[in-house]
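As structure tokens, the structure follows; a few thoughts come after it.
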Amino acid sequence: MRKWTKTSEFYVAIIILVLFAAIGSQNGAFFSSANMFDLIRSSIVPGIFVICTMMVIISGGIDVSFPAIATFSMFSATKIILMLDFDVPVFAAFLLAGIIGLGLGLINGLLIAFFKLPTLIVTLGTSSMFSGFLLTFVGSRQISNLPAPLEQFGKTQVIKFTTDAGITVGLPMSVLITAAVVILVAIMMKYTMIGRGIYTLGGDPVSAERIGFNTRFLQCFVYGFVGFLAGIAGMIQTTMMRSSNPVDLLGTELLIIAAVVLGGVRITGGHGTVTGALLGLLLIVTIQNSLILVGIPSYWQRFVIGALILIGTGVAAYQIKRSSAKQSSILT
């Protein structure tokens, strides 16, 4: 317990509880089942994006191309399925989007691993290239006539009930995919050699090579895997919206990075947890969806989120400085 109270995740959890209490005391509708389910629905696609961004930052990089990869993957996969002109199984549609995303992610990984280019510059460039290619050669108009299996999947609810007020609320099937991704990545990062290699790569690439990790493979794996997950997230967005829009997810990268940093994932790499990243996302989603319930104008959201980012980054920097000071005193 004492160890947990010294982590960034602890402080984020406290902020979330205080925020919940403040909003709930001003508006009782905040704790209604409809609002809670709305928060969960709002976190389904961003939840996968947060996991993607967490892995990249822990490995010592920055990726701003995952929204473009997700959009490219979902739109291209939808067009391919419509061109085939028969009902492709839902699993195959998600797999196709994931494979397209994997290919795009590997482009990032190869450029970074073999040409030693800065991660931010590479992903900024490929993001623009992917979105430009999509709009120029694949299509620029929204697809509303989804294949029947995707349409049906989007309508299927895991949980569905009607409140006393007569409002029907539920959670889509895609929430199970996000949960599976979170569990898979949490296990991989904590218990597998690849996960340990990603932490080591972000902490000190030279040391990672010296102890036997193939840093090029790790970088290609991270960006390829992130591309695959982004493709899955894009297809989830398509099924939830019941349409495929070629510009739907663009511009969300900075908010996702903010959520990850707020959750205690150090921007310098080598440190962070799935739990922290998800807590950061919950904080951002709560601010976005619920401040309006207490009468705070929506344009104040940017101010609040920016202030939280500065505070979260400052706390992390202070913890690093204090840890370094303790190590120095021990050595002397």
Side-chain angles (χ1 to χ4, degrees), residues 41-57 61-80 93-94 96-109 111 119-144 146 150 154 174 178 181 223-261 277 280-281 284-285 287-289 298-299 301-302 305-306 309:
R41 281 196 304 270
S42 300
S43 303
I44 291 175
V45 173
I48 296 181
F49 283 164
V50 158
I51 295 299
C52 294
T53 303
M54 179 208 70
M55 290 181 61
V56 172
I57 293 179
I62 293 288
D63 185 1
V64 295
S65 67
F66 59 87
I69 292 176
T71 305
F72 190 107
S73 302
M74 73 176 184
F75 193 80
S76 300
T78 304
K79 290 209 73 171
I80 291 171
F94 277 94
L96 177 59
I99 291 173
I100 294 172
L102 172 63
L104 298 179
L106 283 176
I107 293 175
N108 287 334
L111 289 172
T119 57
L120 178 59
I121 301 302
V122 169
T123 57
L124 191 61
T126 55
S127 175
S128 184
M129 288 173 57
F130 296 155
S131 58
F133 185 91
L134 175 66
L135 295 172
T136 303
F137 298 105
V138 182
S140 58
R141 294 185 179 180
Q142 177 175 309
I143 301 173
S144 300
L146 293 182
L150 293 180
S174 50
T178 299
V181 168
Y223 289 94
F225 187 62
V226 163
F228 180 82
L229 293 182
I232 298 295
M235 189 53 72
I236 289 176
Q237 177 74 8
T238 291
T239 59
M240 289 180 63
M241 297 294 103
R242 298 175 198 171
S243 65
S244 193
N245 192 327
V247 295
D248 206 10
L249 295 169
L250 300 180
T252 59
E253 57 273 4
L254 294 182
L255 207 59
I256 296 298
I257 292 173
V260 173
V261 173
L281 175 63
I284 294 291
V285 169
I287 291 172
Q288 281 190 311
N289 290 26
S298 59
Y299 51 77
Q301 292 177 7
R302 290 179 177 271
I305 292 172
I309 291 171

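As a basis for the values below, the full set of heavy atoms in this structure was taken, side chains included, without hydrogen atoms, waters or symmetry mates.
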Are [X] and [Y] packed together at the side-chain level, in the sense that at least one heavy-atom pair is separated by less than 4.5 angstrom?
{"X": "Val247", "Y": "Leu135", "value": "yes"}
{"X": "Phe75", "Y": "Asn245", "value": "no"}
{"X": "Met235", "Y": "Leu150", "value": "yes"}
{"X": "Phe66", "Y": "Ile256", "value": "yes"}
{"X": "Val45", "Y": "Thr178", "value": "no"}
{"X": "Leu124", "Y": "Ser65", "value": "no"}

Donor-acceptor pair, side chain of [X] and main chain of [Y], under 3.5 angstrom:
{"X": "Ser243", "Y": "Ser144", "value": "no"}
{"X": "Thr239", "Y": "Ile236", "value": "yes"}
{"X": "Ser244", "Y": "Ile143", "value": "no"}
{"X": "Ser128", "Y": "Gly125", "value": "no"}
{"X": "Thr252", "Y": "Leu249", "value": "yes"}
{"X": "Lys79", "Y": "Val138", "value": "yes"}

Which atom of [X] lies closest to which atom of [Y], heavy atoms considered:
{"X": "Leu250", "Y": "Ser131", "value": "CD1-CB, 4.2 Å"}
{"X": "Val226", "Y": "Val56", "value": "CG2-CG2, 3.8 Å"}
{"X": "Leu120", "Y": "Val64", "value": "CD1-CG1, 4.0 Å"}
{"X": "Leu255", "Y": "Gln288", "value": "CD2-NE2, 2.9 Å"}
{"X": "Gly139", "Y": "Pro246", "value": "O-CB, 3.9 Å"}
{"X": "Ser73", "Y": "Gly231", "value": "CB-CA, 3.7 Å"}

Output the distance between atom [atom1] ([X]) and atom [atom2] ([Y]), rounded to the nearest 0.5 Å.
{"X": "Thr71", "Y": "Gln237", "atom1": "OG1", "atom2": "CD", "answer": "8.5 Å"}
{"X": "Ser127", "Y": "Phe72", "atom1": "OG", "atom2": "CZ", "answer": "12.0 Å"}
{"X": "Phe130", "Y": "Thr123", "atom1": "CZ", "atom2": "OG1", "answer": "10.0 Å"}
{"X": "Asp63", "Y": "Cys52", "atom1": "CG", "atom2": "SG", "answer": "8.0 Å"}
{"X": "Ser43", "Y": "Leu281", "atom1": "OG", "atom2": "CG", "answer": "4.5 Å"}
{"X": "Ile232", "Y": "Ile48", "atom1": "CD1", "atom2": "CD1", "answer": "7.5 Å"}

CA sep, side-chain torsions, deciding dist, call: Tyr223, Thr119, side-chain contact (heavy atoms from CB on, under 4.5 Å): CA-CA 10 Å; Tyr223 289 94; Thr119 57; 3.2 Å; yes
Ring geometry between Phe225 and Phe228 (parallel below 30°, tilted from 30 to 60°, perpendicular above 60°):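 The arrangement is parallel - the two ring planes meet at less than 30°.
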Qualifying residue for side chain to side chain contact (heavy atoms under 4.5 Å, CB included) with Thr126, from Leu104, Ile69, Leu111: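 Only one of Leu104, Ile69, Leu111 forms a side chain to side chain contact (heavy atoms under 4.5 Å, CB included) with Thr126, namely Leu111.
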Side-chain donor-acceptor pair present, Asn289, Ser42, cut-off under 3.5 Å: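 Short answer, yes.
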